[in-house]
Amino acid sequence: MSVLIVLDQSDNHIKKSAYEILSYGSQLAAQIGTTAEALVLGTVNDDLAALGKYGVSKVHQVNSESLNHVDAQLYTKTIAEAVAQTNASVVVFSQTHTGKSVAARVAARLKAGLVAGAASLPDTSNGFIVRKTVFSGKAFANISIQSPIKVISLNPNSVSVVTTDGTATVDQLSIALDASKIKVTAVNKITGEIPLTEADIVVSGGRGLKGPENWGVLLDLAKVLGAGTACSRPVGDAHWRPHHEHVGQTGVQVAPNLYIALGISGAIQHLAGVNRSKVMVVINKDPEAPFFKAADYGIVGDLFEIVPQMTAEIKKLKGIA
Amino acid sequence: MKILVCVSKTPDTTSKIAFKESNTQFEEAGVQWIINPYDEWFALVRAIELKEKDPSIIIHLVTVGGADCDPIIRKALALGGDEAFRINADSNDSFFIAAQIAEIAKQNQYDLIFTGKEAIDYNSAAIGGMISELVDMPYVSLATLFELNGTTATITREIEGGEEVAEISLPVVVSCQKGMAEQRIPNMRGIMAARTKPLKVVEPAAIDTLTSIVNFELPPAKAGCKMVAADNVPELIRLLHEEAKAF
């Protein structure tokens, strides 16, 4: 019996979402009286023993370059074998690109009930019930998993990272790997920007900015906050900003600690992509904009006057000249 | 070449979300039902575009649900599917649904299976990955571009912090999102033709469900938006920093 936590990596580093699921999996293991162990796939440059401070006693690695690209078929066989070797009863993923690619497939292979998009620790007082977001963040469902093995894929940014002073033992699992049927011909990483799904703060612009030439005020604010930049669907459709910045129902779904919406009215489809944000701030000249009903803080006014003042105030606060 | 497109019935994106029977069931009263947008706009339309280039391609549609799914299946046929299966079962368990679709897939030997990247009701993004395992095909999730050259597909997909381009020999299961295609509206000819296209109702295979919904909850109501005057920007920053501890 153990809780096996499958860690995301990209570019040979453990990702932020991985620390969240380490904390989550360790707390779950304590709750059900078992041990938490981590699984790392591919070659990673980080100190794996140090992952013990997030609560795991063991880190298992399958150290092969063929796992540096996420091939769901190859990953699934490898993870299922690791589950067998570690006798895991719960497998935890992060619902990131990698989790979305792999968790469900692993669940099907193990005939394990899946909760994808989990929002909090399971209730194990009577069965095994996991809360997840449904209807694009507009509601939660409590899902009971009945199978002996359970798979949980946790929404990023839904739990806080907890550290202790433990260290973990690291071992290499011996698992025979099939050849991948997917031939990767190019990888294009977006450089110089903070990936939206990993950003703690997101600054997002809508039609209220009136045109792509006006984005400077938004970019300045994002820069002082170390924020990712996003936009509404009309802005993406008009090619004012690149498509990968479009957040909303049909775009990227984000859940940062702080979401700042500039000149976005807050259509229900937009809110569906951002409503898991912890704090939402709206700047809009229209006091009737529906976004004010969903937001935590708001200013009615001209964003071209307000946003530069916000940037200046934050600079002052952070001591940036 | 045969393509299977999986479609799901979901509430319209503007639907009010409410529950009944002590929060154990979704309140369907007043809800408009649509084809899950990812299934329709990206998976189905891309399959139709492939068929427009190569008319020998056959597009099958599949959904798991009761007779109330027939209108959305007819709409998908009107857009351009050739034939549809409705597996006559009602379930919210991803494994049950995927295993039913996998049964259809095994009987018909598809070269390509398309799903939307997720359904907008349960947001699990699970069906494509599960089907791929059950039929033992490669799986490419979150695809934004799909090109076919003979029996080799070139697929661009979203990965952490960017995108990846890969070549795969068919068959393959692909989950589709924005970029794959553009939304279309069915024309009158398509709507007329859809009336006579085959919609086969299939009884479900004996599959165990692995999960069940205990109940639903609505998020706690927001405390309300704290408004700050436009001439008092420093107060907004102070609140964000000290009260919300947002940065």
Side-chain angles (χ1 to χ4, degrees), chain A residues 10 15 72-73 76 96-98 100-101 104-105 107-109 113-114 116-117 129 133-136 138-147 181-190 195 201 225 249-251 257-258 268-269 279 292 294-301 306 309-310 313-314 317, chain B residues 11 13-14 17 19 37-38 94-95 98 120-127 129-130 132-134 138-142 158-169 178-179 210-219 222-223 225-230 233-234 236-237 239-241 244 246-247:
Chain A
S10 109
K15 306 301 288 181
Q73 197 169 26
T76 297
T96 55
H97 294 80
T98 304
K100 285 178 184 173
S101 180
R105 187 160 186 158
R109 187 174 185 92
L114 168 75
I129 297 169
T133 50
V134 290
F135 298 104
S136 307
K138 286 173 234 167
F140 296 97
N142 291 307
I143 311 281
S144 165
I145 307 183
Q146 286 109 12
S147 53
K181 290 179 184 161
I182 296 179
K183 189 177 138 207
V184 175
T185 54
V187 174
N188 307 315
K189 295 270 174 156
I190 300 158
I201 302 177
L225 284 168
Q249 179 105 53
T250 54
N257 289 328
L258 176 59
I268 196 160
Q269 292 88 345
V279 177
F292 285 114
D296 302 283
Y297 299 95
I299 294 184
V300 177
I306 292 162
Q309 291 181 53
M310 291 172 72
E313 278 301 314
I314 294 162
L317 201 65
Chain B
T13 51
T14 57
I17 303 302
F19 304 101
Y38 297 108
S94 305
F95 180 78
I120 62 167
D121 48 5
Y122 292 103
N123 309 110
S124 292
I127 300 298
M130 286 187 170
S132 69
E133 179 61 27
L134 296 169
Y139 176 50
V140 178
S141 56
L142 306 175
E158 223 178 82
I159 57 168
E160 301 303 331
E163 58 177 36
E164 181 183 275
V165 186
E167 287 177 3
I168 300 135
S169 294
K178 189 164 182 157
L210 305 176
T211 64
S212 59
I213 295 177
V214 180
N215 58 12
F216 295 96
E217 290 169 32
L218 289 169
K222 283 260 181 187
C225 187
K226 200 173 261 190
M227 299 305 294
V228 176
V233 173
L236 174 70
I237 301 304
L239 286 167
L240 292 179
H241 186 61
F247 69 92

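Chain letters run A, B, ... following the sequence lines, proteins first and then strands; every chain starts at 1. Any value given below was found using the heavy atoms of this structure, including those in side chains, with hydrogens, waters and symmetry copies removed.
Proximity to chain B (any heavy atom under 4.5 Å) is restricted, for A:Thr76, to the side chain, taken from C-beta onward. Both the backbone and the side chain of A:Val300 come within contact range of chain B, with heavy atoms under 4.5 Å apart. For chain B, the nearby part of A:Ile129 is the side chain; its heavy atoms alone come within less than 4.5 Å. Contacts between A:Ile299 and chain B at a heavy-atom distance below 4.5 Å involve backbone atoms as well as side-chain atoms. Residue contact with chain A, scored on non-hydrogen atoms closer than 4.5 Å, involves the side chain of B:Leu134 exclusively. In this structure, no portion of B:Ala223 lies under 4.5 Å from any heavy atom of chain A. The contact between B:Phe95 and chain A is made entirely by side chain atoms (from C-beta outward), counting heavy-atom distances below 4.5 Å. Interface remark: B:Ile213 contributes backbone and side-chain atoms alike to the contact with chain A (heavy atom separation under 4.5 Å). Contacts of B:Ala244 with chain A are made by both backbone and side-chain atoms, with heavy-atom separations under 4.5 Å. B:Ile17 touches chain A through its side chain: at least one heavy atom from C-beta onward sits under 4.5 Å away, while N, CA, C and O do not. In this structure, chain A has a heavy atom under 4.5 Å from the side chain of B:Leu236, while its backbone stays farther away. Proximity to chain A is absent for every atom of B:Ile127, based on heavy atoms less than 4.5 angstrom apart.
Counting heavy-atom pairs under 4.5 Å between each of A:Ala139, A:Ala107, A:Ser10, A:Gly117 and chain B puts A:Ala139 at the top. The most heavy-atom pairs under 4.5 Å with chain B, out of A:Ser147, A:Ala72, A:Gly298, come from A:Gly298. Across A:Thr133, A:Asn257, A:Leu114, the residue that shares the most heavy-atom pairs under 4.5 angstrom with chain B is A:Leu114. Taking chain B as the reference chain and counting heavy-atom pairs below 4.5 Å, the highest number among A:Lys100, A:Gln249, A:Lys138 is found for A:Gln249.
Put simply, the side chain of A:Gln73 does not reach to within 4.5 Å of the side chain of B:Ser132, judged on heavy atoms. Counting heavy atoms from C-beta outward, A:Gln269 and B:Thr14 have side chains that approach closer than 4.5 Å.
One finds the CE atom of B:Met130 at 14.0 Å from the CZ atom of A:Arg109 (value rounded to the nearest 0.5 Å). Taking CG from A:Asp296 and CG from B:Leu240, the interatomic distance works out to 9.5 Å, rounded to the nearest 0.5 Å. Rounded to the nearest 0.5 angstrom, B:Asn123 CG and A:Ser136 OG are separated by 4.5 Å. To the nearest 0.5 Å, the span separating CD1 on B:Ile168 from NZ on A:Lys181 amounts to 11.5 Å. For the atom pair CD1 of A:Ile145 and OG1 of B:Thr211, the computed distance is 7.0 Å after rounding to the nearest 0.5 Å. In this structure, CD1 on A:Ile143 lies 7.0 Å from OG on B:Ser124, to the nearest 0.5 angstrom.
When all heavy atoms of B:Glu160 and A:Thr98 are compared, the closest pair comes out as OE2-N, 3.3 Å. In terms of heavy atoms, B:Leu210 sits closest to A:Gly113 at CB-CA, 3.6 Å. The two atoms that bring B:Ala166 and A:Ile182 nearest to each other are CB-CG2, 3.4 Å, heavy atoms only. Closest approach of A:Phe292 and B:Met227 over heavy atoms only: CE2-CE, 3.7 Å. In this structure, A:Ala104 and B:Ala126 approach most closely via the heavy-atom pair CB-O, 3.4 Å. When all heavy atoms are compared, the tightest approach of B:Ser141 to A:His97 is OG-O, 4.5 Å.
Using modelled atom types, one side-chain atom of A:Thr185 and one backbone atom of B:Val165 make a donor-acceptor pair closer than 3.5 Å.
Qualifying side-chain hydrogen bond (donor to acceptor under 3.5 Å, both in side chains) partners for B:Glu167, counting only residues two or more places apart in sequence or in other chains: none. Every ring-ring contact (aromatic ring centres under 6.0 Å, His included) that B:Phe247 has, sequence neighbours left out, goes to B:His241.
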